[in-house]
Amino acid sequence: MHRTNRYFSGLLLACGLLFNAGAWAVEFIIDKGVENPIPIAIVPFSWSQATGMPPVDVATVISDDLTRSARFASMEEKNMPQQPHDFNEIQFKDWQRLGMENLVVGQLKQTDQGDYLVDFRLVDVYKGKQIAGFSIPSTQLQLRRTAHEISDIIYEKLIGVRGAFATRIVYITVIKTREGAKKYTLQVSDADGYNPQVLLDSKEPLLSPSWSPDGKKLAYVSFETKNSAVYIQDLLTGAREKVASNPGINSAPAWSPDGTRLALTLSMEGNPEIYVMHVASKQLRRMTNNAAIDTEPTWSPDGKLLAFTSDRGGGPQIYEIPADGGEPKRLTFDGNYNTRPVYSPDNKHMAVVHGDGNTYRIGLYDRASKQISILTDSHNDESPSFAPNGHMIIYTTTGARGTALAAISVDGSVHQRLALQDGEVREPAWGPFTNR
Amino acid sequence: MRPGWFVTTQSVIFALILHAVVLLLLLISFSFTPELRTAKPVSIVNAVTVDKAKVDAELKRLQQEEEKKRSAEKQRIEELEKKLQAEQKKAEEIKNQRLEEEKQLLATRQKKEEEQKKREEEQKKVAELEQQRKLEEEKKATAESEKKKKEADLKKKEEEKKRQEAQKALQEQVEEEELKAQESEDRKLVSELGNEIHDKIAKYFNLAGLPENLSCKLRVNMLPSGEVVGVTILESSGNEIFDRRALTAVQKASPLPVPPDAETFERLNLRDSTFIFKP
């Protein structure tokens with residue numbers, strides 16, 4: 001992909017000449033560039049066992065990760081001039097001829113104990129030098145995650161920002177049973193949609209899952225008691241705690257960045273308002289007081305601000321208040337419909353659902369310019385959630401085949417549906433980085 | 001010829017003639033004497049009547065007269081002898097004189113000869129000197145000519161040198177002008193080349209995901225073919241990825257646009273140039 005960009009507005013000055021002691025000293029100035037996906041070739045890893053297939057095609061997992069990020073252009077296996085597995089086997093000229101800049105070679109080994117070892121090297125083809133190389137112990141269950149971790153390392157080494165491939169997402173699925181009833185499940189999967197795990201299923205609606213900042217707990221809304229209630233569930237133990245089951249609406253929990261509080265929408269006082277609950281003490285503090293609906297609270301990355309959706313101005317728009325209380329301030333003025341705000345990790349943008357009366361699309365609100373740019377081009381896109389590195393957004397998109405998870409890079413260049421099972425997928429939330 | 005012999009012969013003849021004359025004179029005087037004797041008897045006859053005393057006296061007087069005559073004759077002979085002697089002496093003197101003269105003449109001749117000899121010697125000497133002089137002159141002339149030649153050569157050389165210098169100066173001026181023209185042309189060339197290089201590298205300079213306001217300086221070694229044979233970082237941007245992308249861009253853009261001929265390539269010092277990346 002070749003896009004013009006801000007760099008093409010540079011000076012036309014392309015070179016300078018200096019005369020030093022009668023000798024020419026030519027200086028060429030390159031003041032422009034392109035923003036292209038970075039070429040990379042992930043050579044299939046060697047497999048230590050003589051028979052059978054490796055449990056995971058590590059190279060393909062990495063390749064798909066990088067491609068999905070939109071920052072990389074992965075070379076297809078059939079186009080590779082050779083398939084080296086170690087640094088010494090690389091014929092650099094062959095790869096350079098194809099314009100290949102980066103190469104990943106590796107070996108998957110199974111130990112006598114049945115565990116796995118993944119060796120890989122990231123190589124700069126033009127320098128002929130290794131950029132990174134690791135030997136990562138793994139297990140059969142962890143192999144995909146290990147592959148994602150390798151993707152993260154590659155991403156960081158070549159882009160300069162930590163990759164978010166070895167992270168997880170949480171979402172709700174809705175399946176229609178043979179009896180015509182609906183089955184709701186709360187699921188967690190890898191960021192690429194693989195390895196889904198059902199945390200909870202219910203005949204009643206499940207809504208609004210939210211990650212604790214340490215990635216160990218989830219808060220969500222369940223109607224299992226016929227009325228909405230907010231629960232916190234420990235991912236590892238499965239233990240759950242009902243933290244809000246007030247009369248009326250109990251919805252849209254959002255964990256504060258420090259993990260001590262939850263922002264919620266409660267209508268226990270008659271009108272849906274934004275509250276902040278201290279998780280340990282369950283103490284509530286009401287943040288809004290307005291006859292209109294105030295909902296979908298979300299925390300700024302520094303925890304100092306809360307954004308939410310309110311129709312106090314007529315149509316639904318995004319407002320912001322200080323997390324310790326204050327006057328709400330309207331942020332969005334583009335169009336008649338802007339909802340579901342979520343701050344980008346760098347606090348420079350917000351992803352929103354932007355509606356124009358016919359379509360609902362994912363928009364990117366620029367906090368500095370106060371403008372919204374539209375990232376997606378479907379008719380019904382909802383529930384944006386930023387990857388922890390801020391480079392991607394997952395969201396749901398509803399089409400003829402139902403509602404599915406999709407991912408888009410923040411610069412809007414790649415859309416990709418995530419591989420998931422049948423059924424409707426709702427309200428994805430991208431989990432935080434977890435310790436390596 | 002020997003003039004001395006002639007002189008001697010002449011002198012001998014002269015002496016003989018002189019002796020003959022003297023002898024003749026003596027004979028003449030003898031002949032006169034008898035005539036005188038004849039006259040005397042005449043006188044005696046007349047004196048016959050004279051006394052003996054008178055005759056003695058007369059005889060004595062005659063004796064005396066005789067004596068006187070003899071004495072006179074003797075005196076005359078003596079005188080003649082004297083005269084002869086004187087003449088002999090004179091002749092002797094003349095002879096001596098002549099001898100002297102001859103001697104002198106001889107001396108003169110000798111002198112002359114010596115002088116001649118001397119002169120000849122001198123002439124010889126002069127000739128020798130002359131020859132020597134000539135030789136020297138020749139030598140000198142040769143030296144002179146050589147010197148002149150040398151000088152001429154030197155002058156010629158100097159002139160040649162001057163000419164060459166002038167030529168050189170002119171050439172330098174021309175070259176300088178050419179250089180200036182070249183320089184201006186080169187600037188244009190480098191500017192055009194810079195644009196081509198910029199455009200080619202910019203196509204490969206991937207800024208995706210990089211922060212703004214970074215810059216780095218690379219040293220690029222290339223061959224006249226434009227092939228990049230070495231890239232090193234002179235000044236890092238501080239961002240490892242930015243630096244690497246710049247390095248990759250240069251290498252991917254290889255071969256870089258270069259002047260059509262190697263000469264221009266070398267003149268522009270393109271073998272070793274600096275690339276500044278500051279998007």
Side-chain angles (χ1 to χ4, degrees), chain A residues 1-3 5-20 22-39 69-73 92 96-102 124-129 131 155-161 389 391 409-411 413, chain B residues 179 183 186-212 214-218 220 228 231 234 239-254 256-257 266-279:
Chain A
M1 196 167 299
H2 195 118
R3 301 188 307 128
N5 55 65
R6 61 194 151 98
Y7 297 109
F8 284 112
S9 62
L11 297 167
L12 271 169
L13 175 72
C15 71
L17 280 178
L18 299 172
F19 287 91
N20 288 331
W24 289 79
V26 186
E27 277 189 351
F28 296 105
I29 295 170
I30 315 299
D31 61 1
K32 289 176 199 162
V34 292
E35 287 202 10
N36 287 338
I38 295 159
S69 77
R71 306 270 177 155
F72 289 88
F92 290 102
Q96 284 172 11
R97 243 192 301 284
L98 299 169
M100 183 46 63
E101 296 174 14
N102 304 285
D124 182 331
V125 173
Y126 282 90
K127 245 189 193 173
K129 281 186 180 166
I131 298 169
Y155 197 89
E156 189 163 3
K157 289 290 176 186
L158 299 182
I159 302 282
V161 175
N389 65 3
H391 282 190
S409 67
V410 170
D411 60 13
S413 56
Chain B
L179 205 69
E183 203 174 283
D186 285 352
R187 276 180 186 277
K188 201 174 152 225
L189 208 64
V190 168
S191 170
E192 288 168 0
L193 196 66
N195 284 330
E196 284 180 51
I197 287 177
H198 170 272
D199 291 352
K200 190 162 187 192
I201 291 179
K203 272 198 289 185
Y204 297 105
F205 185 31
N206 197 347
L207 295 162
L210 293 176
E212 290 181 53
L214 291 175
S215 74
C216 71
K217 199 185 259 190
L218 305 184
V220 177
V228 174
V231 194
L234 288 178
N239 184 316
E240 197 190 316
I241 297 167
F242 183 92
D243 292 351
R244 198 162 58 227
R245 299 258 186 99
L247 279 170
T248 302
V250 172
Q251 283 171 312
K252 280 192 98 166
S254 174
L256 293 172
E266 300 292 358
R267 192 178 62 246
L268 300 181
N269 272 340
L270 294 173
R271 224 169 249 285
D272 189 352
S273 41
T274 306
F275 284 59
I276 298 168
F277 287 76
K278 47 175 186 182

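Every chain is numbered from 1, with letters handed out A, B, ... down the list of sequences. The structure presented is a predicted model; accordingly, all values stated were derived computationally and were not measured.
- Only the side chain of A/I131 comes within less than 4.5 Å of a heavy atom of chain B; its backbone N, CA, C and O stay farther away.
- For the pair A/P39/B/K252, a side-chain contact is recorded, criterion being any heavy-atom separation below 4.5 Å from C-beta on.
- Here CZ of B/R244 is found 5.5 Å from CG of A/L158. Values are rounded to the nearest 0.5 Å.
- Separation of atoms CG (A/D31) and OG (B/S215) is listed at 12.0 Å; rounding is to 0.5 Å.
- Interface remark: B/L270 contributes side-chain atoms only to the contact with chain A (heavy atom separation under 4.5 Å).
- Put simply, the residue from B/V220, B/V190, B/L256 that forms a side-chain contact (heavy atoms from CB on, under 4.5 Å) with A/F28 is B/V190.
- Judged purely by atom type and a 3.5 angstrom limit, A/N36 has no side-chain atom pairing as donor or acceptor with the backbone of B/N206.
- Considering only heavy atoms from C-beta on, A/K32 stays 4.5 Å or farther from B/L207 through its side chain.
- Side-chain contact check for A/E27 versus B/K217: some heavy-atom pair is nearer than 4.5 Å.
- The two residues B/K203 and A/V34 have their closest heavy-atom pair at O-CG2, 3.5 Å.
- The neighbour count for B/E266 CD, taken as heavy atoms of other residues, nucleotides or ligands under 6.0 Å away, is above 12.
- To the nearest 0.5 angstrom, A/I38 atom CD1 is 9.5 Å from B/T248 atom OG1.
- Heavy-atom pairs under 4.5 Å with chain A peak, among B/L247, B/T274, B/D199, at B/T274.
- In this structure, CZ on B/R245 lies 8.0 Å from CD on A/E101, to the nearest 0.5 angstrom.
- Residues passing the ring pair (Phe, Tyr, Trp, His ring centres under 6.0 Å) test with B/F205 are B/F242, B/F277, sequence neighbours excluded.
- By the side chain to side chain contact (heavy atoms under 4.5 Å, CB included) test, A/K129 pairs with A/K127, sequence neighbours left out.
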